[in-house]
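First the structure, which I've put down as structure tokens, then a few questions once you've had a look.
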Amino acid sequence: MDGNVYLTERFEEHRSHLRAVSYRMLGSLAEADDAVQETWLRLDRTDVSEVENLGGWLTTVVSRVCLNMLRSRESRREDSMETYPSDPAVSREDTVDPEQEALLADSVGLALLVVLDQLAPAERLAFVLHDLFAVPFDEIAPLIEKTPAATRQLASRARRRVKGAPLVPEADLTRRRRVVDAFLAATRGGDFDALVALLHPDVVLRADKAVGPTPGPLLVRGAVTVATGAMAAMQRAQSTVPALVDGVVGLAMAPLGRLFLVLGFTIEDGLITEIDIVAEPERIGALEIAALDV
């Protein structure tokens with residue numbers, strides 16, 4: 001068999017794994033495919049005849065590629081509102097099928113992708129490789145030029161951020177999540193009456209100016225008015241998931257895993273009395289967001 005054909009076949013055996021690793025590292029299907037392609041190019045230029053574990057070698061290479069991409073992204077990250085999609089239901093990538101990426105993001109977990117996107121590159125690599133793909137710390141450490149012990153600490157710190165720490169007792173957390181889940185379900189399903197029933201008659205909704213389209217912050221009062229506005233966000237609700245926001249249950253709108261805005265709730269006696277919507281990048285960056293049920 002021709003050597004190049006053999007190498008191609010061996011690479012294809014590992015493609016799905018490499019794509020899974022790179023997608024969780026990068027949170028973008030287009031970038032993940034770029035990382036996999038770069039890994040193939042490096043393989044094609046390298047003599048791997050003495051490599052005993054090609055899968056492990058390829059995982060190392062794709063991880064290095066992703067780490068470089070994350071560090072490049074971190075160095076140029078100046079998140080103005082221009083970097084956010086004008087409609088969060090629309091992908092920022094024109095080169096991939098939005099439906100395909102939406103399905104992939106959902107399978108991974110939008111809330112998890114949101115939290116991973118907030119981690120430093122080395123933290124993200126350590127957590128993804130160890131916790132999601134069971135790569136030993138002594139194999140991860142050389143990738144980030146750390147000792148295995150320091151790499152373990154990075155993964156542990158990332159794990160704490162991913163899981164979060166609720167600020168309310170478990171029973172209260174469960175009750176709050178039940179209300180927030182019901183709010184999301186009613187919005188997604190367009191159930192106006194169910195939504196009104198969850199809202200206090202004098203509920204107040206506040207949204208910062210980045211939510212738009214008003215030139216300044218938005219203030220809305222009353223269950224019917226708030227519910228009417230929520231109905232207009234039915235499509236956007238499809239890319240919204242429950243998350244811990246500063247230790248309490250809220251919602252994160254994250255099209256394809258990219259955080260767009262956050263909804264915080266004040267709940268009293270089973271009814272939502274206040275909703276705060278945060279979309280300004282500076283304010284979102286100050287929030288501590290963690291995934292639920294990770």
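Note: hydrogens, waters and symmetry copies are ignored here, and every other heavy atom, side chains too, is used.
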Check the pair L26 / L70 against side-chain contact (heavy atoms from CB on, under 4.5 Å), numbers first and verdict last. CA-CA 7 Å; L26 299 168; L70 285 172; 3.9 Å; yes
Check L219 against R221 and note the closest heavy-atom contact, atom names and distance.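 Distance-wise, the nearest heavy atoms are CD2-NH2, 4.1 Å.
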Which heavy atom in A223 sits nearest to a heavy atom in H200, and how many Å separate them?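 Looking at all heavy atoms of both residues, the shortest contact is CB-O, 3.7 Å.
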Is any side-chain heavy atom of L218 less than 4.5 Å from a side-chain heavy atom of V220? yes
So, for M25 and V128, which heavy atoms are closest and what is the spacing to 0.1 Å? SD-CB, 3.9 Å
Under 4.5 Å between any side-chain heavy atoms of T60 and E139, yes or no? no
Plane angle bin for H130 and F137 - parallel if under 30°, tilted between 30 and 60°, otherwise perpendicular: parallel
Salt bridge (Lys or Arg N to Asp or Glu O under 4.0 Å), paired with D131, selected from R157, R161, R159: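 Looking at R157, R161, R159, the match for D131 under the salt bridge (Lys or Arg N to Asp or Glu O under 4.0 Å) is R159.
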side-chain contact (heavy atoms from CB on, under 4.5 Å) assessment of D117 paired with R124: CA-CA 8 Å; D117 197 44; R124 185 165 185 165; 3.7 Å; yes
Scanning both residues in full, the closest heavy-atom pair of V48 with L7 reads CG2-CD1, 3.9 Å
Minimum heavy-atom separation for L154 to A122, with atom names?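 Heavy-atom minimum between the residues: CD1-CB, 3.9 Å.
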Verify same cluster id: F265, L271 (apolar side-chain graph, 4.5 Å):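 F265 does not cluster with L271.
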S156 and R160: CA distance, side-chain angles, deciding distance, side-chain hydrogen bond (donor to acceptor under 3.5 Å, both in side chains) verdict: CA-CA 6 Å; S156 177; R160 288 195 299 270; 3.1 Å; yes
Indicate yes or no: at least one non-hydrogen side-chain atom of L129 is less than 4.5 angstrom from one of V21. yes
How many angstroms lie between OG1 in T273 and CG in L199, if you round to the nearest 0.5 Å?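 Spacing of OG1 (T273) from CG (L199) equals 10.0 Å.
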When rounded to the nearest 0.5 angstrom, what is the spacing between NE2 in H14 and CG in L43? 9.5 Å
Working to the nearest 0.5 angstrom, can you tell me the gap between T39 OG1 and R19 CZ? 13.0 Å
Where do V36 and S22 come nearest, in terms of heavy atoms and distance?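 Here V36 and S22 meet closest at CG2-OG, 3.7 Å.
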Spatial distance of atom CG (L261) from atom CG (L251) [nearest 0.5 Å]: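 With rounding to 0.5 Å, CG (L261) is 9.5 Å from CG (L251).
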When you measure from the side chain of T59 to the backbone of G55, do you find a donor-acceptor pair of N or O atoms at a distance under 3.5 Å?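 Confirmed, T59 side chain pairs with G55 backbone.
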Under 3.5 Å donor-acceptor, R188 side chain and T240 backbone: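 Present.
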Can a donor-acceptor pair be found, under 3.5 Å and without considering hydrogens, that links the side chain of D246 to the backbone of L287? no
Residues E52, W57; criterion side-chain contact (heavy atoms from CB on, under 4.5 Å); working and verdict: CA-CA 9 Å; E52 296 181 2; W57 187 90; over 6 Å; no
Working for salt bridge (Lys or Arg N to Asp or Glu O under 4.0 Å), residues D33 and R15: CA-CA 10 Å; D33 286 340; R15 178 182 288 275; 6.0 Å; no
With sequence neighbours excluded, tell me which residues meet side-chain contact (heavy atoms from CB on, under 4.5 Å) with E274.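 Expected list: R206, T266, D276.
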Would you check if L116 and L112 make a side-chain contact, meaning some heavy-atom pair closer than 4.5 Å? yes
Side-chain touch E31/R73, heavy atoms, less than 4.5 angstrom: yes
Would you confirm whether D202, through its side chain, and G222, through its main-chain N or O, come within 3.5 Å as a donor-acceptor pair? no
Close side-chain approach of I284 and E280, heavy atoms under 4.5 Å: no
Report the distance from atom CG of L54 to atom OG of S49, rounding to the nearest 0.5 Å. 11.5 Å
Go through the side-chain N and O atoms of Y6 and R10 and say whether any donor and acceptor fall under 3.5 Å apart. yes
Are M234 and V180 linked, directly or through other ILVMFWY residues, by side chains that come within less than 4.5 angstrom of each other? no
Tell me if a side-chain donor or acceptor on R176 pairs with a main-chain N or O of V249 at a distance below 3.5 Å.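 Not at all, since once roles are kept as given, no pair shorter than 3.5 Å links the two residues.
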Begin with the C-alpha distance, continue with both residues' side-chain angles, and end with the deciding distance and a verdict on side-chain contact (heavy atoms from CB on, under 4.5 Å) for L244 and V248. CA-CA 5 Å; L244 276 181; V248 297; 5.6 Å; no
V204 with I275, same ILVMFWY side-chain cluster at under 4.5 Å: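 No, separate clusters.
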Tell me whether L198 is reachable from F192 by hopping between hydrophobic residues (I, L, V, M, F, W, Y) whose side-chain heavy atoms are closer than 4.5 Å.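 They do share one cluster, since a chain of ILVMFWY contacts under 4.5 Å joins F192 to L198.
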What's the separation between atom CG in L125 and atom CZ in R24, rounded to the nearest 0.5 Å?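 Between atom CG of L125 and atom CZ of R24 there are 14.0 Å.
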